[in-house]
Amino acid sequence: TNMSHGEGSALAVPATCSSIKKGGHILLKDKFPCKVVQLSTSKTGKHGHAKMKVVGIDIFTGNKHQDIYSTSHKVKVPIVDRTEYKFLHIDVDGNFIDLLNDKDEMRSDIKLEDEAQIAQLVAAEEESKSMIVTVLSSMDIEKVIVIKE
């Protein structure tokens, strides 16, 4: 899915807590885009609201987060995109990579932090291998998640 995030486009969409499913995405603590790994619902208390505990793994850091909501509560579901780019070049001074999308538009604003990914792309460039880089984006954060030939 390739969606352009123009000015004012939503980073997350509202959803009812009861619509959240395991394997789906949720914005925990209003800032962490997470994949839902565990859901548990408690019985309705004397005040009439069942509670749902949501445990999620941050899609960028792998950290675990959890929160508890009333099942009727509105939650936010982050918009998560995966985009494949053709790898062109890595600038070894700052580890920024030049990528080309399917519309032949170049971008050079993604910085690699992962040493293994840096080494993989430096080697690919030296060997003139054609590589595809998959970028995960959500909540104005972008991260390279897959590099393949």
Side-chain angles (χ1 to χ4, degrees), residues 1-88 90-91 94-103 105 107-124 129-149:
T1 57
N2 230 343
M3 294 167 37
S4 60
H5 289 294
E7 279 300 307
S9 69
L11 297 176
V13 293
T16 56
C17 194
S18 55
S19 71
I20 299 298
K21 303 282 180 257
K22 192 173 171 179
H25 292 101
I26 188 170
L27 196 64
L28 287 176
K29 304 203 185 294
D30 270 341
K31 62 181 172 200
F32 302 111
C34 294
K35 184 171 195 157
V36 177
V37 292
Q38 196 182 334
L39 292 170
S40 51
T41 309
S42 66
K43 298 272 184 276
T44 306
K46 62 182 175 190
H47 298 293
H49 293 291
K51 299 275 188 217
M52 181 183 272
K53 178 178 166 188
V54 181
V55 179
I57 302 294
D58 188 302
I59 61 174
F60 294 114
T61 65
N63 294 338
K64 188 182 271 191
H65 298 284
Q66 63 182 35
D67 217 338
I68 295 175
Y69 304 96
S70 163
T71 50
S72 58
H73 190 82
K74 289 269 189 231
V75 293
K76 289 181 183 160
V77 175
I79 294 168
V80 179
D81 287 327
R82 286 170 185 259
T83 310
E84 287 194 344
Y85 295 92
K86 184 176 177 195
F87 167 71
L88 299 175
I90 181 165
D91 170 17
N95 296 326
F96 282 93
I97 52 178
D98 294 342
L99 301 171
L100 198 65
N101 69 11
D102 56 8
K103 297 183 191 80
E105 299 161 335
R107 59 180 297 186
S108 309
D109 57 339
I110 293 186
K111 181 180 172 81
L112 286 183
E113 308 285 345
D114 184 281
E115 292 297 329
Q117 289 180 339
I118 293 166
Q120 187 180 2
L121 288 179
V122 167
K129 281 187 184 163
S130 174
M131 304 297 279
I132 300 295
V133 173
T134 304
V135 176
L136 185 70
S137 59
S138 183
M139 303 306 295
D140 281 336
I141 302 168
E142 290 185 301
K143 183 179 180 183
V144 172
I145 53 165
V146 180
I147 299 172
K148 61 182 190 242
E149 278 188 59

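These values consider heavy atoms only, across backbone and side chains, with no hydrogens, waters or symmetry-generated copies.
When all heavy atoms of Leu27 and Ala12 are compared, the closest pair comes out as CD2-CB, 4.4 Å. Across all non-hydrogen atoms, the minimal contact from Asp98 to Ser108 is OD1-OG, 2.8 Å. The shortest non-hydrogen separation linking Phe87 to Ile97 is CE1-CG2, 4.1 Å. Considering all non-hydrogen atoms of both residues, Tyr69 and Leu28 come closest at OH-CD2, 3.5 Å. Here the closest non-hydrogen pair linking Lys29 and Gln66 is NZ-O, 2.9 Å. Scanning all heavy atoms of the two residues, the minimum distance from Ser138 to Val80 falls at OG-CG2, 3.7 Å.
Contact check for Asn101 versus Arg107: no side-chain heavy atoms found under the 4.5 Å cut-off. Proximity of Val77 to Ile20: side-chain heavy atoms (C-beta onward) are separated by under 4.5 Å at one or more points. Taking the side chain as every heavy atom from C-beta outward, Asp67 and Val75 never approach each other to under 4.5 Å. Annotation: side chain of Lys86 is in contact with side chain of Ser130 (closest heavy-atom distance under 4.5 Å). Residues Asp140 and Leu11 form a side-chain contact, since some pair of their non-hydrogen atoms from C-beta on lies under 4.5 Å apart. Inter-residue side-chain proximity for Lys21 and Val36 is flagged as unmet; no heavy-atom pair is nearer than 4.5 Å.
Atom CD of Gln38 sits about 6.5 Å away from atom NZ of Lys64, to the nearest 0.5 Å. Going from atom NZ of Lys53 over to atom OG of Ser42 covers 11.0 Å, rounded to the nearest 0.5 Å. Note: Ile59 CD1 to Phe32 CZ = 12.5 Å, rounded to the nearest 0.5 Å. Atom SG of residue Cys34 and atom CD1 of residue Ile57 lie 7.5 Å apart, to the nearest 0.5 angstrom. Note that NE2 of His73 and CD1 of Ile68 are 12.5 Å apart. Values are rounded to the nearest 0.5 Å. Going from atom CD of Glu84 over to atom OG1 of Thr134 covers 4.0 Å, rounded to the nearest 0.5 Å.
Remark: of the listed residues Val144, Ile110, Thr83, Ile132, Ile110 is the sole one forming a side chain to side chain contact (heavy atoms under 4.5 Å, CB included) with Leu99.
The number of heavy atoms from other shown groups lying within 6.0 Å of NZ (Lys111) is above 12.
Legend: residues meeting salt bridge (Lys or Arg N to Asp or Glu O under 4.0 Å) with Glu149, ordered by chain and number and at least two apart, are Lys129. Listed by chain and number, the residues in a salt bridge (Lys or Arg N to Asp or Glu O under 4.0 Å) with Lys76 are Asp30 (sequence neighbours excluded). Remark: Lys74 engages no residue in a salt bridge (Lys or Arg N to Asp or Glu O under 4.0 Å) (not counting sequence neighbours).
Between the Gln117 side chain and the Leu112 main chain, no donor and acceptor come within less than 3.5 Å of each other.
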